[in-house]
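Shown next, in structure tokens, is the structure this report addresses.
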Amino acid sequence: MARPIARWGVLLGLGAVWWWAVLRLAFAPGAGVLEGAVAAGGWGLSLLPVHCVPKARAAGAVGAGRWRTAWRAAGVTTASPLRRSDAGSGPS
């Protein structure tokens with residue numbers, strides 16, 4: 001029982017610090033780097049639960065070797081090798 005209460009306490013505390021930073025940035029003329037870092041960090045963390053999914057479970061995820069296989073199957077050639085600097089400009 002104490003574990004969920006502690007977790008909620010930490011979450012509420014961090015949320016209060018984030019709101020303090022955002023409101024201070026918006027309304028206080030002396031807001032600085034600390035408030036900006038807290039506000040940006042909190043905003044960035046809010047994106048994680050929505051966008052972080054293991055690639056194996058993500059809908060529409062592309063396999064690691066898919067592009068390599070498609071590139072080889074299409075018969076795409078590689079670039080010509082570079083000429084050596086002492087090779088000259090061609091037949092003389």
Side-chain angles (χ1 to χ4, degrees):
M1 184 68 176
R3 194 178 205 126
I5 293 172
R7 189 178 305 157
W8 275 105
V10 169
L11 289 175
L12 287 174
L14 290 174
V17 169
W18 185 81
W19 274 109
W20 166 81
V22 169
L23 293 174
R24 185 158 161 82
L25 276 173
F27 297 116
V33 176
L34 176 64
E35 290 87 353
V38 170
W43 178 78
L45 286 174
S46 71
L47 297 177
L48 284 176
V50 177
H51 297 286
C52 288
V53 176
K55 192 171 184 178
R57 293 188 336 176
V62 178
R66 178 175 175 240
W67 293 110
R68 196 173 327 133
T69 305
W71 191 260
R72 288 184 184 145
V76 178
T77 60
T78 59
S80 300
L82 294 174
R83 288 182 168 259
R84 293 179 45 180
S85 62
D86 63 346
S89 60
S92 323

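Residues: numbered from 1 along the sequence shown.
Taking a 6.0 Å sphere around CH2 of Trp20, one finds it holds more than 12 heavy atoms contributed by other residues, nucleotides or ligands.
Tracing side-chain contacts under 4.5 Å through hydrophobic residues (I, L, V, M, F, W, Y), one reaches Leu34 starting from Val17; they form part of the same cluster.
For the residue pair Arg24 and Gly30, the shortest heavy atom distance occurs at NH2-O, 3.8 Å. In terms of heavy-atom proximity, Ala39 sits nearest to Ala21 at N-CB, 4.2 Å.
Residues Val22 and Trp18 have side chains in contact (heavy-atom distance under 4.5 Å, counting atoms from C-beta outward).
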